[in-house]
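Proteins come first, then strands; the chains are lettered A, B, ... in the order of their sequence lines, and each starts at number 1. Note that this is a predicted model, so its numbers are computed, not measured.
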Protein chains: 2
Amino acid sequence: MAILDNDLFRDFFLGFVRLHILFHAGHEPVCGVDLMAEMDRHGYRIGAGTLYPLLHRLERAGLLRCEVRVVAGRQRKYYRSTPAGAAVLAEARIRLRELVGEVVEDQGPPIGGMAAQKEDGR
Amino acid sequence: MAILDNDLFRDFFLGFVRLHILFHAGHEPVCGVDLMAEMDRHGYRIGAGTLYPLLHRLERAGLLRCEVRVVAGRQRKYYRSTPAGAAVLAEARIRLRELVGEVVEDQGPPIGGMAAQKEDGR
DNA sequence: TATCCAATATCGCCATTCGATATTGGCGGG
DNA sequence: CCCGCCAATATCGAATGGCGATATTGGATA
């Protein structure tokens, strides 16, 4: 977790956060506070100043739809995924499998370049 | 692929590109043109104006190390991963498994919020 | 040494991230 | 009925990143 507090490493995983959000919004209506708690559970620290503008953009882009409700005396905006959001998630599945095949299962092929050359041979 | 040409969707997958790069740099020395070709093979379109500043930042952050070589009469800068780069990749493995468990295997738990409430029940 | 060209570097503009701060909206007390 | 309270959401300003377009580098050939 500490590794995620470093600014540098955040960029590696911000896309992961988006996909987590899209996934949850595809299963149930989720609001900002729910998502912040869930991302925290995953070890991501997403502040309100990042999350809410992100939700607005995803909505404007047609990936999420918003519905206002009052829960426990508080106004909340619940987001659900749209077909376009599901399409992004489907695309993500393909790319996730590729990435897992390389990074997790260590099955990436050499990409050419210097693979044929000896690295230490002189 | 077409989906990746849209500006909106790039942000979802830019972290994937970083991890692909880190992975390849952990297996063999890779240079800019190699990486652009490899990313293209994966369906990502990464321009030179994005890739090279990225490599510089990863090097300055200590995740990559650079070595200049002359190949086929052209100067190339070959990058290899460092222990710090391997650490980021190890962290990525953990988070990738979480994300795959949700997005690919569809096993994410409800995150609370409105899960207990009926959505259509009234 | 002059020129060519692939590989790398940089520039300017716009979008995004972030913590901090402001605003909204329902509710209970008076 | 209005007022202040507070959680939830919204926005601000500074810094950084992504991008296409353009500039620069450096080895090789003649």
Polar side chain donor-acceptor pair, A:H20 to A:E38, under 3.5 angstrom: no
Need to verify one output field. Residue with the more 5' nearest nucleotide on DNA chain C, A:L54 or B:C31? B:C31
Distance check: side-chain N/O of A:Y52 vs OP1/OP2 of D:dA10, anything under 4.0 Å? no
For B:L14 and C:dT16, what is the distance between atoms CG and P respectively, to the nearest whole Å? 11 Å
Measure the shortest side-chain to side-chain distance between B:L99 and A:F13 over non-hydrogen atoms and say whether it is less than 4.5 angstrom. no
Rounding to 0.5 Å, atoms CG (A:D11) and CZ (B:R57) come to a distance of 7.0 Å
Are any of A:R76's side-chain N or O atoms less than 4.0 Å away from OP1 or OP2 of D:dA10? no
When the distance from CG of A:L51 to P of C:dG19 is rounded to whole Å, what number comes out? 12 Å
In whole angstroms, how far is the C1' atom of C:dT10 from the CZ atom of B:R60? 14 Å
Would you please confirm or rule out a distance under 4.0 Å between OP1 or OP2 of D:dT25 and any side-chain N or O of B:K77? no
Output the rounded distance in Å from CG (A:D11) to C1' (C:dC18). 12 Å
For a 4.5 angstrom cut-off between non-hydrogen side-chain atoms, does A:V30 reach A:I21? no
Of all heavy-atom pairs linking A:P83 and A:R65, the shortest is CD-NH2, 4.4 Å
Starting from P on D:dA10, measure out to CD1 on A:I46 and report it in whole angstrom. 17 Å
Once you apply a heavy-atom cut-off of 4.0 Å, does B:G32 come out as touching a base, just sugar-phosphate, or nothing? sugar-phosphate
With sequence neighbours excluded, residues passing salt bridge (Lys or Arg N to Asp or Glu O under 4.0 Å) with A:R97: none
May I have the distance from A:L58 (atom CG) to C:dT17 (atom P), rounded to whole angstrom? 9 Å
So, taking the atom named CG in A:L63 and the one named CZ in B:F12, what distance separates them when rounded to the nearest 0.5 Å? 5.5 Å
Please report the distance, rounded to the nearest Å, between CE in B:M36 and C1' in C:dT8. 8 Å
Does B:R69 put a side-chain nitrogen or oxygen below 4.0 Å from OP1 or OP2 of D:dG26? no
Where the side chain of A:V33 is concerned, which of D:dT9, D:dC19, C:dT17 is the nearest nucleotide? D:dT9
Residue set satisfying ring pair (Phe, Tyr, Trp, His ring centres under 6.0 Å) with B:H24, at least two apart, ordered chain then number -> none
All N/O contacts under 3.5 Å from nucleotides 22-30 of chain C to the protein, with atom names and distances to one decimal?
from	atom 1	to	atom 2	distance (Å)
C:dG25	N2	A:R74	NH1	3.0

Which nucleotide wins on minimum distance to the side chain of A:H56, given the candidates C:dA9, D:dG18, D:dT11? D:dT11
Tell me whether the OP1 or OP2 atom of C:dT16 has a side-chain N or O from A:R57 closer than 4.0 Å. yes
Looking only at side-chain N and O atoms, does A:R10 come under 4.0 Å of OP1 or OP2 in D:dA15? no
Expressed as a whole number of angstroms, how long is the span from B:F9:CZ to D:dG18:P? 19 Å
